[in-house]
Amino acid sequence: MTADKPRVRFAPSPTGDLHVGNARTALFNWMFARHYGGEFILRIEDTDPVRTSRDFEYRILEDLAWLSIDWDEGPGKEGGKGPYHQQERLYLYDHYLKNLIEAGAVYPCYCTEAELEAERAELVFRKMMPRYMGKCRNLSDSNRKTMTDQGRKPSYRFRIGAGQIEFSDLIRGAMKFDAGALGDFIIVRSNGIPAYNFAVVVDDHLMTISHVIRGEDHLSNTALQLLIYEALGFKPPIFAHHSLILGKDRSKLSKRHGSVAVREFRERGILPEVLLNYLALLGSSFGGGREVCTQEEMISSFSLDRAGKSGAIFDEDKLNWLNGIYIRQGDLERLTERLLPYIRAAGHDVDNLDRAWLERVIDAVRGDLVTLSDIGTQMDIFFDDRYALSGEAQQVLREEQAMNVVRALRESLEQSPFSTDEAYHQIMASVAKKTGVKGKKLFMPIRAAVTGKVRGPELDKVFAILSLESLRHRAEDVISGPLGGRR
RNA sequence: GGUCCCAUCGUCUAGUGGUUAGGACGCUGGCCUCUCACGCCGGAAACCGGGGUUCAACUCCCCGUGGGACUACCA
């Protein structure tokens, strides 16, 4: 591992959709690699066949791609250090297990799960830390043979000695664990498949990972892994444990807190660069008080020094705020493109909408969008078949003078020889003159009649988008409707 | 219970011995001769407690307290 070219990795286990916490870990690793010009490796930890699925793996890859987190080596991108699925690396773990057995660092354990469970229950009952007490630690060869003859398949446990395990964490500084407090842990399960801590050490070493950046929930695993590194004679990588994302109750963010999967945010209409920006900001900062940041800026300003040590609550309000910023400030064409699926989902025949017209509509309502999926309801006022007077609008139209204003509007619309683009100001001026009404009393009835709502984009924009025919029809409908009857 | 980690406004943070403790979200007042939103200008809002160290502690040390993570033949 060269100091100037770090190699980091993200190693998800495909047991579910990509969690924002994991996405943040991936992002930290990715930014670290990009900042220092290193390499970012993706490894799939699929050793548990019952919890793992190919479908989830595919979805995780898809979510990473959506976030534009790309990997230099991994599935679909061979780099000479593969394979990148642990399932395909079993022969490697076998090899190192043999080394450890020969070195006496590991021993077979014949305890059944039921026996272990009983031991654990006993310890918990006596208010002691549940851990393996070393029953099979010093079995004689004949004892082992007896077990094998009984048909028992052993798991392999790591023999823990006394002493301190110390290491320096890039984010947290000096860390120290007492090995004596740990129980001999399983390195290879009785089905021959390696357990997490063992596979990770072998893989990280073989893949020449220089820095392991992961959540603080792995802090205690690091102690165990360091022991394995030592027994194997491997030089351990540098570790950095970042803080966790928390739910509102300050416990580790999980499903019960609401949306946690990257996919859910995507479906809701959070932009990928927003989620990335937010995740990079959470529990950290960009310096200079900056909050809105491009990917390039995120990478160049990235530093583990800026990573906070304490957990950070996931604040959806702020995520939404950030999404609004990107929607308002982004490129209109690009925004339109990304809005298309949501417009379609709202039931519009996207293919038959005039693109230029659509862009004007989007430009008019983008200020009111928090997520992309909001576009559906926001657009309704521009479609005649979706136009309807809301209760609030009816309220407005019932007010004194309101119908006079609408009638004056209809007249002005009839007389208007201009396209609605230029006509707005003239129409408003003429309605004001005819009725003698101004301000809110003038605008609100017109807004209500023309859009059917009491809130919405600025009226000049609405007039510019709606056709003269639509405007006339809507005014006419209001006048001839139940509200328009002469009193 | 054990081991370990953490601790600045409600939330995310800046701050590395001397600051009127700064910014952002949210909340809130005002302005933008129509609304909502946007934008702009304001406001309320924090150094967990106790001991040290020091001329001086939010900042360093210790102890409490509080919160969290881990305690699997899951990863």
Side-chain angles (χ1 to χ4, degrees), chain A residues 11-15 45-48 50-52 86 109 111-113 116-117 120 123-124 126-132 153-157 169 172 175-178 180-183 185-197 199-200 215-223 241 243-244 246 248-252 278 281-292 306 308-322 324-325 328-329 365-370 378 392 396 428 438-448 451 453-460:
Chain A
S13 181
T15 56
E45 312 220 321
D46 55 356
T47 52
D48 183 355
V50 307
R51 300 204 319 147
T52 271
Q86 289 189 326
C109 169
C111 296
T112 63
E113 291 201 51
L116 292 170
E117 183 49 49
R120 196 164 21 242
L123 286 169
V124 169
R126 285 160 54 192
K127 301 231 173 207
M128 290 173 70
M129 177 167 90
R131 64 184 167 111
Y132 184 65
K153 291 254 186 277
S155 59
Y156 285 87
R157 287 186 184 268
D169 187 285
R172 281 151 210 283
M175 294 292 122
K176 195 166 81 174
F177 290 84
D178 184 15
L182 276 16
F185 57 99
I186 289 179
I187 251 183
V188 172
R189 297 182 263 179
S190 54
N191 62 5
I193 291 176
Y196 169 73
N197 283 308
V200 163
E216 71 172 317
D217 48 344
H218 282 288
L219 222 30
S220 49
N221 280 328
T222 300
H241 292 89
S243 61
L244 265 23
L246 277 24
K248 292 210 187 301
D249 63 355
R250 296 216 141 266
S251 68
K252 193 160 100 168
Y278 180 69
L281 192 60
L282 189 60
S284 192
S285 64
F286 297 136
R290 297 212 50 190
E291 306 236 290
V292 182
R306 254 193 269 278
K309 293 179 187 159
S310 49
I313 294 177
F314 192 86
D315 183 356
E316 289 207 23
D317 280 339
K318 190 147 184 176
L319 176 69
N320 286 335
W321 164 77
L322 201 56
I325 300 262
R328 260 172 262 127
Q329 299 179 351
V365 302
R366 74 201 293 194
D368 292 309
L369 302 183
V370 172
Q378 293 293 336
E392 287 172 310
V396 166
M428 292 308 285
K438 58 188 174 186
K440 202 166 174 169
K441 290 268 179 208
L442 169 68
F443 287 92
M444 283 310 282
I446 291 182
R447 169 179 295 284
T451 69
K453 305 257 164 38
V454 294
R455 283 179 286 276
E458 281 137 20
L459 274 178
D460 56 344

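Source: prediction; values computed, not measured. The sequence lines fix the lettering, A, B, ..., with proteins before strands; numbering per chain opens at 1. All values below come from the heavy atoms of this structure, side chains included, with hydrogens, waters and symmetry mates left out.
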Residues forming a salt bridge (Lys or Arg N to Asp or Glu O under 4.0 Å) with [X], sequence neighbours excluded:
X	answer
A:Lys318	A:Glu291
A:Asp169	none
A:Arg120	A:Glu117
A:Glu113	none

Filtered N/O pairs between nucleotides 14-17 of chain B and protein, under 3.5 Å:
none

Partners meeting side chain to side chain contact (heavy atoms under 4.5 Å, CB included) with [X] (sequence neighbours left out):
X	value
A:Pro14	A:Ile44, A:Asp46, A:Thr52, A:Phe56, A:Glu57, A:Ile60
A:Leu369	A:Ile327, A:Leu339, A:Asp374, A:Ile375, A:Gln378
A:Ser243	A:Arg24, A:Arg172, A:Glu216
A:Arg157	A:Tyr107, A:Cys109, A:Leu116, A:Tyr132, A:Asp184, A:Ile186

Original post:
When rounded to the nearest Å, what value does the distance between C1' atoms of B:C47 and B:U20 take?
Top reply: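 Approximately 15 Å lies between the C1' atom of B:C47 and that of B:U20.
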
Original post:
Is any side-chain nitrogen or oxygen of A:Lys440 closer than 4.0 Å to OP1 or OP2 of B:U33?
Top reply: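 No, because none of the side-chain N or O atoms of A:Lys440 sits under 4.0 Å from OP1 or OP2 of B:U33.
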
Looking at side-chain heavy atoms only, is the closest gap between [X] and [Y] below 4.5 Å?
X	Y	result
A:Val200	A:Glu45	yes
A:Leu244	A:Asp217	yes
A:Glu316	A:Tyr278	no

Protein-nucleic acid N or O pairs under 3.5 Å, nucleotides 4-7 of chain B:
| unit_1 | atom_1 | unit_2 | atom_2 | d |
| --- | --- | --- | --- | --- |
| B:C5 | O2' | A:Arg172 | NH1 | 2.4 |
| B:C5 | O2' | A:Glu216 | OE1 | 3.2 |

All N/O pairs under 3.5 Å across the protein-nucleotides 73-75 of chain B interface:
| unit_1 | atom_1 | unit_2 | atom_2 | d |
| --- | --- | --- | --- | --- |
| B:C73 | O2 | A:Ser190 | N | 2.7 |
| B:C73 | O2 | A:Ser190 | OG | 2.9 |
| B:C73 | N3 | A:Ser190 | OG | 2.8 |
| B:C73 | N4 | A:Cys111 | O | 2.6 |
| B:C74 | OP1 | A:Arg189 | NH1 | 3.2 |
| B:C74 | OP2 | A:Arg189 | NE | 2.8 |
| B:C74 | OP2 | A:Arg189 | NH1 | 2.8 |
| B:C74 | O5' | A:Arg189 | NH1 | 3.4 |
| B:C74 | O2' | A:Asp48 | OD2 | 3.4 |
| B:C74 | O2' | A:Arg51 | NE | 3.4 |
| B:C74 | O2' | A:Arg51 | NH2 | 3.1 |
| B:C74 | O2 | A:Arg51 | NH2 | 3.3 |
| B:A75 | OP1 | A:Thr47 | OG1 | 2.7 |
| B:A75 | OP1 | A:Arg189 | NH2 | 2.7 |
| B:A75 | OP2 | A:Tyr196 | N | 3.1 |
| B:A75 | O3' | A:Glu45 | OE1 | 2.9 |
| B:A75 | N6 | A:Asn221 | OD1 | 3.4 |
| B:A75 | N6 | A:Asn221 | ND2 | 3.4 |
| B:A75 | N1 | A:Asn221 | ND2 | 3.3 |

Please tabulate the protein-to-nucleotide N/O contacts below 3.5 Å involving nucleotides 36-39 of chain B, giving atom names and distances.
| unit_1 | atom_1 | unit_2 | atom_2 | d |
| --- | --- | --- | --- | --- |
| B:C36 | O2 | A:Asp368 | OD1 | 3.2 |
| B:C36 | N3 | A:Gly456 | O | 3.4 |
| B:A37 | O2' | A:Gly367 | O | 2.7 |
| B:C38 | O3' | A:Arg328 | NH1 | 3.2 |

